[in-house]
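Working notes, structure below.
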Amino acid sequence: MRVMRRGKVRDPLLMAIWTLVTCGLYWVYWWRTATRELNVALGRKEFDFAWDLLFSLANCGMWTLYVLRRVGDAVVEVQERWGVRLRLD
């Protein structure tokens, strides 16, 4: 039986506040941490933070949009694998 290991739950409002207060540095920390947790949950190295950050800086953030799309897809994959249902109420 597979044991589900949940990542740390972060408050989106506090994340936005910390991102503003730190001029975006907290968002970079969050990005690194979230993709690391997703790699563990997926059981494979889907995201390479250093490469994604470097490539995002090189093309003025456009790569970030692509990575965020992949993060969303990975979250859905993990939810389906663990049998988590999305509640829309």
Legend entry - Trp51 with Val71, same ILVMFWY side-chain cluster at under 4.5 Å: yes
Legend entry - Euclidean distance, Asp52 CG relative to Tyr66 OH, rounded to 0.5 Å: 9.0 Å
Legend entry - Asn39 side-chain N/O to Lys45 backbone N/O, donor-acceptor pair under 3.5 Å: no
Legend entry - Single-linkage hydrophobic cluster, 4.5 Å side-chain cutoff, Leu68 and Phe47 together: yes
Inset, instruction - Would you kindly confirm whether Trp63 and Leu54 end up in one hydrophobic cluster when ILVMFWY residues are joined by side chain heavy atoms under 4.5 Å apart? - result: no
Legend entry - From Arg10 atom CZ to Leu14 atom CG, the distance as rounded to the nearest 0.5 Å: 12.0 Å
Inset, instruction - Give a yes or no on whether Met15 and Val67 share a hydrophobic cluster (residues Ile, Leu, Val, Met, Phe, Trp, Tyr; joining criterion: side-chain heavy atoms under 4.5 Å apart). - result: yes
Legend entry - Approximate separation, where rounding is to 0.5 Å, of Asp48 CG and Arg36 CZ: 11.5 Å
Legend entry - Sidechain N-carboxylate O distance under 4.0 Å for Glu77, Arg70: no
Legend entry - Arg44, CZ: over 12 other non-hydrogen atoms inside 6.0 angstrom: yes
Legend entry - Closest approach of Leu42 to Arg81 (non-hydrogen atoms, all atoms of both residues): O-NH1, 3.0 Å
Legend entry - Trp18, CH2 atom: more than 12 neighbouring heavy atoms under 6.0 Å: no
Inset, instruction - Step by step, work out the side chain to side chain contact (heavy atoms under 4.5 Å, CB included) result for Arg69 and Asp73. - result: CA-CA 6 Å; Arg69 169 59 191 246; Asp73 292 344; 3.4 Å; yes
Inset, instruction - Starting from Met62, walk the hydrophobic network (Ile, Leu, Val, Met, Phe, Trp, Tyr; side-chain heavy atoms closer than 4.5 Å) and list everyone else you reach, by chain and number. - result: Leu65
With a 3.5 Å cut-off and sequence neighbours excluded, list the donor-acceptor pairs that the side chains of residues 26-35 form with protein atoms.
unit_1: Thr33; atom_1: OG1; unit_2: Tyr29; atom_2: O; d: 2.9
unit_1: Thr35; atom_1: OG1; unit_2: Trp31; atom_2: O; d: 2.9
unit_1: Thr35; atom_1: OG1; unit_2: Arg32; atom_2: O; d: 3.1

